K.L.:
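If you scroll down you'll find the structure; I have some questions about it.
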Amino acid sequence: MILVASFFAYQNGREFATVRTNIIGINASIATEKQTEKKVVGEVGRLVADITRVQGELDVESEKLKAQKNRFAQADSETTRTQEELDAKVKKQQELTVKLDKLPKDVKPETIAEDINRMKKEKLEYEAQAEQKKKEVVAENDKIAGVQKRLDDVVHKIEERRKNFERNSLTSRVVAVNYDWGFVVIDAGKATGLTEDTKLIVTRGAQTVGKVSVMSVDGRNSLAAIVPNAVVNGQFIMPGDRVILENLVQN
């Protein structure tokens, strides 16, 4: 009986030491996962702040574009008014020319000629003003095109950051595992921004189970190889395990 009791005491001691070692490993994994999640939360906060700032820049550029369009409309209106005034002067000149032709031959047209010359001068001045307005309109159009390009660039940056934000927020699941061939199928595809060779961390609750590397991506699912040396404590990746990005995309 003493030998049997000693044997069981020894056996229980070994099991207790194994359990204690496993608990220490689990606690370390939990601490690592918490640090990872803390970094992810901080990165998400920074991305949200960037999106807010870029949205503010977009609003400012939109206001600038609106002001440029208003100036363009004013310049176009002024050009139209100048052209109307010029047309009126030309019409008046034509009327005076007709009247001059109808004057008797003995009538001296000295003063009429002076009026005509004055109107010709005014016509040239209005034509010069109209040309200047056209140049101003062209310049305004160039400014508006520049503002529109900057606005398009801002919208493009916002869209790229939104895509990166959604990719960094990836939370998917393992839907199938093939242990013989060493790969898993996850429920995330091209729409989430995944690409080949993307490294993913597999977790179960607060514990890291292992890592996988994406081999192929289709519309809704992806195929990923299990990284052998990254499996924690000889565990097995199972369907239902959560999958997150190992490295976040930097904007």
Side-chain angles (χ1 to χ4, degrees), residues 26 29-59 61-62 65 145 148-251:
I26 290 172
S29 297
I30 290 173
T32 301
E33 185 67 18
K34 286 182 176 180
Q35 289 294 325
T36 301
E37 290 182 354
K38 184 177 180 181
K39 291 180 179 179
V40 171
V41 170
E43 182 64 19
V44 169
R46 188 183 68 78
L47 290 172
V48 171
D50 285 347
I51 290 174
T52 301
R53 177 178 58 78
V54 173
Q55 184 61 49
E57 294 176 355
L58 177 60
D59 293 340
E61 291 297 333
S62 296
L65 177 60
Q148 184 64 50
K149 184 179 183 302
R150 291 196 298 272
L151 180 61
D152 292 341
D153 290 341
V154 170
V155 172
H156 177 71
K157 289 179 181 178
I158 290 175
E159 182 63 19
E160 288 297 318
R161 292 185 178 183
R162 182 188 64 79
K163 290 180 180 178
N164 290 338
F165 178 78
E166 292 177 353
R167 185 175 185 273
N168 290 339
S169 302
L170 171 70
T171 300
S172 301
R173 299 281 179 181
V174 175
V175 296
V177 183
N178 188 313
Y179 299 106
D180 294 334
W181 292 93
F183 67 83
V184 300
V185 178
I186 61 176
D187 60 350
K190 293 181 179 179
T192 61
L194 281 182
T195 57
E196 294 183 5
D197 297 326
T198 299
K199 300 298 185 296
L200 305 172
I201 297 176
V202 183
T203 64
R204 187 178 303 139
Q207 181 180 6
T208 298
V209 178
K211 295 181 182 180
V212 296
S213 177
V214 177
M215 296 188 297
S216 64
V217 183
D218 60 20
R220 295 179 177 272
N221 298 304
S222 298
L223 194 68
I226 299 173
V227 180
N229 297 332
V231 177
V232 179
N233 297 327
Q235 299 186 74
F236 292 95
I237 297 175
M238 297 187 299
D241 287 345
R242 190 164 66 100
V243 179
I244 60 175
L245 288 175
E246 180 181 29
N247 298 313
L248 298 179
V249 176
Q250 300 295 325
N251 288 313

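In this text, all values refer to a predicted model and were calculated from it rather than measured experimentally.
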K.L.:
For residues Phe236 and Arg204, report the shortest heavy-atom separation together with the two atoms involved.
P.N.:
O-NH2, 2.7 Å
K.L.:
Under the side-chain contact (heavy atoms from CB on, under 4.5 Å) test against Leu200, which residue among Val227, Ile244, Ile186 passes?
P.N.:
Ile186
K.L.:
Does some side-chain heavy atom of Val243 sit less than 4.5 Å from a side-chain heavy atom of Val174?
P.N.:
yes
K.L.:
Report the distance from atom CD1 of Ile30 to atom CD of Gln207, rounding to the nearest 0.5 Å.
P.N.:
7.5 Å
K.L.:
I'd like to know if the side chain of Gln235 and the backbone of Val232 have a donor-acceptor N/O pair within less than 3.5 Å.
P.N.:
yes
K.L.:
Atom CD of Glu196 and atom CG of Leu223: how far apart are they, to the nearest 0.5 Å?
P.N.:
10.0 Å
K.L.:
Is the closest side-chain heavy-atom distance between Val177 and Asp241 below 4.5 Å?
P.N.:
no
K.L.:
Measure the spacing between CD1 of Ile26 and OG1 of Thr208 and express it to the nearest 0.5 Å.
P.N.:
12.0 Å
K.L.:
State plainly whether the residues Arg173 and Asp187 are in salt-bridge range, i.e. N to O under 4.0 Å.
P.N.:
no
K.L.:
Looking at every non-hydrogen atom in both residues, tell me the closest pair between Pro239 and Ala176 and how far apart they are.
P.N.:
CG-CA, 4.4 Å
K.L.:
Is there a donor-acceptor pair under 3.5 Å between the side chain of Ser213 and the backbone N or O of Ala225?
P.N.:
no
K.L.:
Distance from Leu194 atom CG to Asp218 atom CG, nearest 0.5 Å?
P.N.:
10.5 Å
K.L.:
Starting at CD of Glu61, measure out to CD of Gln148 and round the result to the nearest 0.5 Å.
P.N.:
10.5 Å
K.L.:
Show the nearest heavy-atom pair for residues Ala188 and Ser222, with the distance to one decimal.
P.N.:
O-OG, 2.5 Å
K.L.:
Treating Asn178 as the side-chain partner and Asp180 as the backbone partner, does any N or O pair qualify as donor plus acceptor under 3.5 Å?
P.N.:
yes
K.L.:
With rounding to the nearest 0.5 Å, note down the distance linking CD1 in Ile201 to CG in Leu245.
P.N.:
9.0 Å
